[in-house]
2 protein chains.
Amino acid sequence: MSDTPARLLKLLSLLQTPREWPGGELAERLDVSPRTIRRDIDRLRDLGYPVEASRGSVGGYRLVAGAAMPPLLLDDEEAVAIAVGLRAGAGHAIEGVEEASVRALAKLEQVLPSRLRRRVSALQNATVPLTRGDGSTIDPRTLTTLASAATGRERLRFAYRSGDGTRSKRQVEPYRLVSTGQRWYLVAYDVGREDWRTFRVDRVGEPYATGARFTPRPLPVEGPGSDASGGTGSDAGSGDAAAFLARSMRRMQPELRLDVRFDAPAEFVTARLPAHLGTPEPDGEGGCRLRASCADSLEWVALRLALVDCAFSVQGPPQLVAYLEGLGARLTRAAAGAGREPRQGAGPEQG
Amino acid sequence: MSDTPARLLKLLSLLQTPREWPGGELAERLDVSPRTIRRDIDRLRDLGYPVEASRGSVGGYRLVAGAAMPPLLLDDEEAVAIAVGLRAGAGHAIEGVEEASVRALAKLEQVLPSRLRRRVSALQNATVPLTRGDGSTIDPRTLTTLASAATGRERLRFAYRSGDGTRSKRQVEPYRLVSTGQRWYLVAYDVGREDWRTFRVDRVGEPYATGARFTPRPLPVEGPGSDASGGTGSDAGSGDAAAFLARSMRRMQPELRLDVRFDAPAEFVTARLPAHLGTPEPDGEGGCRLRASCADSLEWVALRLALVDCAFSVQGPPQLVAYLEGLGARLTRAAAGAGREPRQGAGPEQG
DNA sequence: ACCATCAGGTCATGATCTGACCTAATGGCC
DNA sequence: GGCCATTAGGTCAGATCATGACCTGATGGT
């Protein structure tokens with residue numbers, strides 16, 4: 001409790017509170033002399049954590065932004081908040097940081113005390129997921145298990161339910177998690193099939209790491225047997241995995257072939273659409289047209305389109321048209337009920 | 001670089017990677033003898049960080065969940081992912097952890113290196129906010145500035161735009177941030193007005209901490225002048241602030257008086273609605289009715305209602321009815337355009 | 001002008017850390 | 001069952017380091 005490293009950690013934790021700490025107060029809190037505090041501050045600075053000091057009678061120390069991230073010392077509630085936030089984000093993650101987000105979540109959940117874990121899952125259950133209905137909501141626990149196994153180079157076993165409904169048990173050497181828009185895929189070497197495969201994470205059931213470690217094989221670049229000439233050893237493989245996924249997706253049937261016309265300029269629409277849906281082409285004066293393929297759920301696509309906040313018109317696919325029709329009718333009926341008792345099946349009516 | 005505390009931090013950071021580390025490898029990485037590694041592991045355990053060891057030929061060390069949160073050592077991408085996730089969540093935060101979420105964000109942004117900060121704001125801009133249109137989107141920077149000032153007991157100056165449009169400059173002693181559903185409020189002592197006020201955060205402009213520290217005053221409990229008999233000194237004031245906000249809200253006009261009937265059982269609807277919107281009462285067979293007041297934005301409420309995924313009917317307020325009408329018409333038109341070239345103003349038509 | 005704060009030097013003492021030995025126990029693999 | 005790699009921990013000598021007590025200076029707000 002009273003040795004130097006512990007004190008340094010405590011000091012770091014105190015300094016992370018966004019306020020100024022006079023040296024005397026720190027000395028009192030940590031039960032050492034002010035001189036030692038000054039020395040500790042020096043040490044932190046040597047370690048690369050920039051402690052800023054303001055002199056004068058209301059001066060004090062404060063940790064500011066530096067070149068590297070200092071260790072984050074979170075209290076219970078903050079840890080829970082981050083875990084909940086990341087889990088909520090895991091489904092429809094912010095583009096560009098999906099993988100990192102899952103890595104961070106895995107890191108956090110690895111060390112999250114069990115009482116906090118209970119609070120997290122309780123809050124998680126109380127939260128209404130934004131996308132639902134097509135049954136492909138992703139279990140964050142599955143995601144973190146896969147992510148841990150991939151970075152920890154541990155073999156995985158899981159049950160897989162493929163697109164046509166057949167079930168199988170797999171044992172794989174996980175390579176990397178990749179997300180496209182709303183969906184997650186695992187690129188892995190299937191030990192049983194003796195080949196590389198991509199798995200949709202929402203079709204993975206009950207994954208667990210066997211504990212057996214493996215040395216990662218090089219991901220085939222194009223054809224089998226081409227040279228994956230010595231990588232830097234660090235993780236330059238994320239792009240590879242994404243490319244591999246893209247190639248294997250090309251062979252699969254994309255689930256939705258979008259064709260939408262917007263009554264708004266292309267840049268307006270682009271700014272309001274997720275990037276992986278593609279970019280619309282100008283079409284006519286003041287309009288644009290989006291043709292793209294995606295594997296996202298119907299509800300989610302419909303929601304994104306509605307949020308673009310301009311008139312639009314869907315050419316295809318038919319399921320999307322049908323869904324929008326249904327949703328539009330439901331909303332119109334909801335609005336039409338105003339002023340009198342609601343009744344099912346009341347037709348639309350306008351004032 | 002090579003002294004003990006730094007090595008311990010590095011060790012912690014290595015152990016947080018979700019994989020097993022043999023002692024020898026750690027010794028090599030940290031450039032000390034294996035014996036020292038064992039001693040360091042012991043030290044970490046003494047500090048309360050439970051390091052689990054598996055013996056045997058494929059054994060190794062791994063940090064597991066313990067009683068307290070260990071310092072989180074994030075790499076750049078993970079830090080960015082968390083920051084982006086929390087900022088995205090700041091607008092429509094998960095219920096129950098809003099304040100903690102903002103505290104965590106403030107803590108993180110305080111030490112986030114500037115190059116990462118740029119990446120965060122770039123990603124933030126690329127993201128389409130889920131709610132827009134009523135101009136009340138919240139700037140996460142404002143939120144974290146206020147949170148930092150509140151926990152750091154620093155005075156704040158900002159420009160305020162009140163409900164009727166009048167602008168004023170305020171200097172306050174911030175007490176606490178409170179969120180209700182989608183909106184954020186600051187409970188603070190207004191130095192100029194010499195009284196307690198609540199401010200809507202989205203109406204706060206250009207806040208900055210003056211640097212002047214203050215000693216927090218007790219928040220009046222009911223009437224002015226009642227005794228707030230010595231609190232525990234710690235932060236038991238979160239509930240107080242919420243209660244204070246609720247009292248001062250009661251005097252204000254709530255913005256939306258919802259009255260919605262759902263064609264689904266009350267428990268079905270409750271599970272799919274955010275809690276702060278209130279709970280619906282059973283109404284007729286298999287239906288229920290929700291009467292509640294809220295200060296959320298129109299678009300957001302409409303979205304939540306649509307996501308309940310059952311037929312419903314809105315009695316009021318009129319703005320909501322009008323908005324749903326417009327949205328429903330837009331979606332119906334979007335669906336009706338299928339199969340032929342879209343044309344503006346084409347009336348709805350069904351097959 | 002005064003005071004509180006940060007910044008840093010020096011010194012003696014005592015604690016602590018490290019590496020090099022050693023032995024014991026455990027679990028997986030052949 | 002035997003072998004091997006791993007964790008676990010004891011002991012010892014020497015070097016290193018941390019601490020508190022003193023000091024002087026600089027800075028900035030009141």
Side-chain angles (χ1 to χ4, degrees), chain A residues 1-12 14-15 19-47 49-64 152-155 209-215, chain B residues 1-12 14-15 19-47 49-64 152-155 209-215:
Chain A
M1 175 65 94
S2 75
D3 57 338
T4 318
R7 176 158 38 80
L8 274 186
L9 280 178
K10 258 190 182 167
L11 182 57
L12 213 51
L14 287 178
L15 287 178
R19 57 165 287 198
E20 294 221 317
W21 293 90
E25 196 173 344
L26 291 174
E28 200 177 332
R29 286 278 272 251
L30 300 177
D31 211 40
V32 288
S33 74
R35 183 65 183 95
T36 300
I37 290 293
R38 280 203 291 279
R39 270 194 277 249
D40 284 352
I41 298 278
D42 264 4
R43 226 178 321 217
L44 288 183
R45 286 175 179 157
D46 278 353
L47 287 180
Y49 306 131
V51 180
E52 199 181 59
S54 46
R55 333 179 70 140
S57 24
V58 292
Y61 296 101
R62 156 195 303 253
L63 190 60
V64 300
R153 294 138 160 64
E154 282 187 81
R155 280 201 180 170
T210 64
R213 264 179 280 169
F214 65 92
T215 55
Chain B
M1 174 64 92
S2 74
D3 57 337
T4 318
R7 178 158 38 81
L8 275 185
L9 281 178
K10 260 191 182 166
L11 183 56
L12 256 179
L14 287 179
L15 288 179
R19 57 164 286 197
E20 294 222 316
W21 294 91
E25 196 173 344
L26 291 173
E28 200 177 331
R29 289 276 274 249
L30 299 177
D31 211 40
V32 287
S33 75
R35 183 66 184 92
T36 301
I37 291 294
R38 281 203 291 280
R39 271 193 277 250
D40 284 352
I41 299 278
D42 263 3
R43 223 176 327 217
L44 287 183
R45 287 176 179 155
D46 278 353
L47 287 179
Y49 306 130
V51 180
E52 197 182 61
S54 47
R55 331 177 74 139
S57 27
V58 291
Y61 297 100
R62 155 194 304 252
L63 190 60
V64 299
R153 295 138 158 60
E154 283 186 83
R155 279 200 180 171
T210 64
R213 263 179 281 170
F214 65 91
T215 54

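Lettering follows sequence order; numbering is per chain, from 1. Not measured: the values here are computed from a predicted model.
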Quick one: [X] [atom1] to [N] [atom2], roughly how many Å, whole number?
X       : N      : atom1 : atom2 : value
A:Leu30 : D:dG20 : CG    : P     : 11 Å
A:Leu44 : C:dC6  : CG    : P     : 14 Å
B:Glu25 : D:dA5  : CD    : P     : 16 Å
A:Leu15 : C:dC6  : CG    : P     : 11 Å
A:Ile37 : C:dA7  : CD1   : P     : 13 Å

Which distance, rounded to the nearest 0.5 Å, do you find between the [atom1] of [X] and the [atom2] of [Y]?
X       : Y       : atom1 : atom2 : answer
A:Leu30 : A:Ile37 : CG    : CD1   : 4.5 Å
B:Leu11 : B:Ile41 : CG    : CD1   : 5.0 Å
A:Lys10 : A:Leu26 : NZ    : CG    : 12.5 Å

Item to check | Close side-chain approach of B:Leu15 and B:Leu44, heavy atoms under 4.5 Å | outcome: yes

Show the distances under 3.5 angstrom between N or O atoms of the protein and N or O atoms of nucleotides 7-12 of chain D.
unit_1, atom_1, unit_2, atom_2, d
D:dT7, OP1, B:Gly23, N, 2.6
D:dT7, OP2, B:Gly23, N, 3.4
D:dT7, O2, B:Arg55, NH2, 2.8
D:dA8, OP1, B:Arg45, NH2, 3.4
D:dA8, OP2, B:Tyr61, OH, 3.0
D:dA8, N7, B:Arg38, NE, 3.4
D:dG9, N7, B:Arg38, NE, 3.2
D:dG9, O6, B:Arg38, NH2, 2.8
D:dG10, N7, B:Arg35, NH2, 3.4
D:dG10, O6, B:Arg35, NE, 3.0

Item to check | side chain to side chain contact (heavy atoms under 4.5 Å, CB included) involving A:Arg29 - partner list, sequence neighbours excluded | outcome: A:Leu14, A:Trp21

Checklist entry - Among C:dC17, D:dA18, D:dG20, which is the nearest nucleotide to the side chain of A:Arg43? => result D:dA18

Item to check | N or O in side chain of A:Thr4 less than 4.0 angstrom from D:dA18 OP1/OP2 | outcome: no

Checklist entry - Can you list the steps and then say if A:Asp40 with A:Arg43 is a salt bridge (Lys or Arg N to Asp or Glu O under 4.0 Å)? => result CA-CA 5 Å; A:Asp40 284 352; A:Arg43 226 178 321 217; 2.6 Å; yes

